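Here it is: the structure, laid out below.
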Amino acid sequence: MLAGIDLFIVIAYFGGMLLLGFYFKRFVGTSEDYFLGGRTLPFWAIGMSVVVSDIGALDFVGVSGQAYRYGISVGNFDWIGSVPAMLLAAFIFIPYFWRGGLYTIPEYLGKRYNRWVRTLASLTWILFFAVDLGVMFWASAVLLNVLMGWPVWTSILVTALVVGLYTYFGGITAVVMTDVVQLIIMFVGGFTLVALGFHSVGGWDAMVDKILNMGPEYRNHFHLMQPTDTQTPFPWTGILFGLTFVMANAYMIGNQTIVQRCLTARNEWHAKASMIFGAGLKMLIPVLVLFPGLMAIILIPGLPDGDKALPWMIKHMLPPGLVGLMFSAFFAGMMSSVDSMLNSTATLFTKDIYEPFINKKANDKHYLKVGKITTLVLLLLGVLTSPLSGLFPGIYVAMQTFLSYFQGPMFSILLLGIFWKRTTQWGGLSGLVVGIFVAFILNLFKGRFFTIEDPFLYVSWWSFVVGFVVTVIVSIFTRPYEDRNLVGLVYGLTVKKEINK
Amino acid sequence: MLNFNWLSGVSQEGAKMIFLGLFILIGLLVLLIPREYIFEGVPKEERHWYMNLKLWAWIVLGVIFYTYYIF
């Protein structure tokens, strides 16, 4: 159980977040305010929000667990799995989306291809977020159960209530500004745990020596590059082809929760700068989430479940007061991810599904109301689907598995859509549908196709390749759009012209 | 083929060189971006050297290059 001071800190944190969220309620008058913050936000807030939205309960618990089992190679996800993609997003894709005044990524796909591509992409993201919300809730509940003995469902319901309230009232401005505070709390709590952990294991050099001397199974624990025949899910080939070339780009360029933040920027420079600033902060994340897992190898060797490593460290290493801070930091990571998904999914549903298909002619207040109601419905769905994540062996890998179903094909049509004007609407639709189908088949029969246990990186790559090839082939045999219909949507038809002005 | 067995002959050190080369390539591509595009959205009289996003990108790339060089 938490000590009195810890409980006070946690309650103060929850209260502070609610107050901050409610404060930004006053800035929500239109649907643009609710979904895009009135396009007034600065780069530093957006950059911090992008980073903290990407790190949640899954990363605190799951990545430290992966680091416990496989070593620092899991850090690839925050380093090469983020930085190059964020630079590509900053300099190429984000300016397009921002200039277009878009609300959603599927909206771009709808303009570039057709409404069916937009709808399929949007529905896929909505489905993913609904499932991922459940994973988030489950991860938090597992940690709370270990730390405080709270029943799983109590933890899920308390979390949902707090996050739901400020997201419902404050929209994306509340989400972004609470994210800023949450990132600061997360960094303070996380770095404190890491500092105390290093003190316990005798510093970095001592930790490396001790782990490497524990046996041959630890010889690759300090190599970012894992051999191709590794039994971990992170062979270097998968990191290069699946993560760097596909999943990272798909996530940073095609993920609504990430891109929507950049669309709230006050001008194009702020939109670009937010991503690069975020890339700088992102490189610090492995220190927070990966190092505790490595330290736990020495402090509690032989754990059957690596996901228990971080909760154990919080419970046994931190003094009263700091436990509450770390606990708040964990909540900060989890809440920032949940609020992002809630707001983004509400945006997707309102703009891509409700407005074009259900009620085209409603006024702005009506769409604002729909966005708010969707937030509540999704919250309920996330709570109800949370037990599904218990069916997967590793929490973090579970999320990557969900992602690998459609990230590859989605990125293939985004890439071709923006760089190749010959890409046609039917090419894009075929590439997306066939690519998702192939990803599903590869995942279903992964034991036949792949030698490693969790081949989600390979699935991403091959589904990307299939999506890419199918899009190209179908595009060649179908009628392309005329150039005048593609201005603002294809690279050669916008940026170069505007630069030359 | 699906498991990239054809690349099994590349050592971990060789793989590291591929990744380091990728960072250098990205740095060179950033170099090619026109200055006007970098500052798009900022009035000319308010443009300062520290707002040059190429510089930001190179700093980030420098840190990640060093990280992969070490590990």
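Scope of the values below: all heavy atoms of this structure, side chains included, with no hydrogens, waters or symmetry mates. Small disclaimer: the values here were computed from a predicted structure and weren't measured. Just so it is clear: chains get the letters A, B, ... in the order the sequence lines come, proteins before strands, and each one is counted from 1.
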| Hey, which of A/F222, A/F449, A/Y458 has the most heavy atom pairs under 4.5 Å with chain B? | A/Y458

| B/L53 portion near chain A, given a 4.5 angstrom heavy-atom threshold |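 For B/L53, backbone and side chain are both near chain A.
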
| field | Best-contacting candidate, B/I38, B/L22, B/L29, B/V42, against chain A by heavy atom pairs under 4.5 angstrom | value | B/I38

| task | Look up atom CZ in B/F19 and atom CZ in B/F71, then write down how far apart they are to the nearest 0.5 Å. | result | 15.5 Å

| task | Counting only heavy atoms closer than 4.5 Å, note whether B/I26 contacts chain A via side chain, backbone, both or neither. | result | side chain

| query | Rounded to the nearest 0.5 Å, how far does CZ of A/R448 lie from CD1 of A/I441? | reply | 10.5 Å

| task | In plain terms, say whether B/R35 and B/E40 are close enough for a salt bridge, that is, a side-chain N and a carboxylate O under 4.0 Å apart. | result |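 No, B/R35 and B/E40 are not salt-bridged.
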
| field | Toward chain B, the part of A/S73 with a non-hydrogen atom under 4.5 Å | value | neither

| message | With a 3.5 Å distance limit and no angle check, can you tell me whether A/S82 reaches the backbone of A/F77 through a side-chain donor-acceptor pair? | response |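 Side chain of A/S82 to backbone of A/F77: a pair is present.
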
| query | So what's closer than 4.5 Å to chain B heavy atoms on A/L88: side chain, backbone, both or neither? | reply |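 Neither; nothing under 4.5 Å.
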
| message | Is the distance from the ring center of B/W56 to that of B/Y50 below 6.0 Å? | response |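 For B/W56 and B/Y50, the ring centres are not under 6.0 Å apart.
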
| task | Output the option from B/I70, B/V10, B/I59 having the highest count of non-hydrogen pairs under 4.5 Å with chain A. | result | B/V10

| said: Counting only non-hydrogen atoms closer than 4.5 Å, does A/L87 touch chain B with its backbone (N, CA, C, O), its side chain (CB onward), both, or neither? | reply: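 Only the side chain of A/L87 comes within 4.5 Å of chain B.
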
| Winner by heavy-atom pair count (cut-off under 4.5 Å) against chain B, out of A/K282, A/H223, A/K272 | A/K272

| Does the ring centre of B/F4 sit less than 6.0 Å away from the ring centre of A/W462? | yes

| field | Contact origin within B/F23 toward chain A - heavy atom pairs under 4.5 Å | value | side chain

| field | Side-chain H-bond candidate by donor/acceptor type, A/N220 with B/Q12, under 3.5 Å | value |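 Yes, side-chain donor-acceptor contact under 3.5 Å.
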
